[in-house]
Peer 1: 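Before I ask anything, let me first share the structure, which is written out below as structure tokens.
Order of listing sets the numbers, starting from 1, for every ligand and every atom in it.
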Amino acid sequence: MASALRLPTFEPRPVSPGIGQTFAGASTNRSLNVICVGAHPDDPETGCGGTLAKFIAEGHNVTIVYLTRGEAGLRTAGSETASRLRTAEALRACELLGATAVFANQIDGQTSTERERVQQFTALLESLDPDIAFTHWPLDTHRDHRNTAQLTYEAWQALGESFALVYYEVMTGVQTHHFEPNCFIDVSSTSPQKRSAVYAHVCQNPDRFYPYHEEMERERGSQAHLPRAEAFVVVRERLPKPFLPFEM
Ligand SMILES: [Zn+2]
């Protein structure tokens, strides 16, 4: 989308002295299981592709869980064609990032948080044994995004808050609203890789939305004194700050 950036502006933050050395998993030198949940193919890549690429570069395991296959995402084709095309594009995007793709098999535009769906989603997340799970911010204009946030939150609770819950933003000011980040990740080095992964979603015409996200990266970067950043809300009740590896 070519519209002007509608990101709320914040004062630049003071530079934090420590850079992400305090994550509990980091001291064990163990590979972390990082999960990113997105409602549709292209959401995880645009929301946090740069951060996911950093985890992968550091040897951690990243799995992208697509709640749907983007069945409603093509105006000129039916849901079966859209599903096939967008599944292939998601697989390609994950290949470019070095992530594993998992499909949770809900339907684009018809996602649900009914009890059975929560149980299925919780079982899926449990099977992936996450240390960290990224998901949509719950205040979003797209119902599928809100449902994704709720499913992840419910799984987090059902699994005893056994992993770190981290929210990402998409098209802030247009889709995500009222998002005040408490974590910034420098994505200067992985931004080109993120761009490639976003542009793997050819049928979605990334020129409509990538430039907006690129501008968001610069704006978030300026808030954190970085060239480019992705910003997150880390649920911090029991977590130190900085918490994530690479956190500024
Ligand atoms: Zn979406």
Peer 1: With carbon and hydrogen excluded and only N/O/S kept, which atom of Asp43 is nearest the Zn ion (ligand 1)?
Peer 2: OD2

Peer 1: I'd like to know whether the aromatic ring centres of Tyr66 and His40 sit less than 6.0 Å apart in this structure.
Peer 2: no

Peer 1: Name whichever N, O or S atom of His40 ends up nearest to the Zn ion (ligand 1).
Peer 2: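 Within His40, restricted to N, O or S, the Zn ion (ligand 1) is closest to atom ND1.
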
Peer 1: I'd like to know whether the aromatic ring centres of Tyr167 and Phe232 sit less than 6.0 Å apart in this structure.
Peer 2: no

Peer 1: So which of Thr111, Thr135, Val118, Thr122 actually passes side chain to side chain contact (heavy atoms under 4.5 Å, CB included) with Leu151?
Peer 2: Val118

Peer 1: Do any of the N, O or S atoms of His145 sit under 2.8 Å from the Zn ion (ligand 1)?
Peer 2: yes

Peer 1: With Val187 as reference, evaluate Gln193, Lys194, Arg220, Arg228 under the side chain to side chain contact (heavy atoms under 4.5 Å, CB included) test and give the passing residue.
Peer 2: Arg228

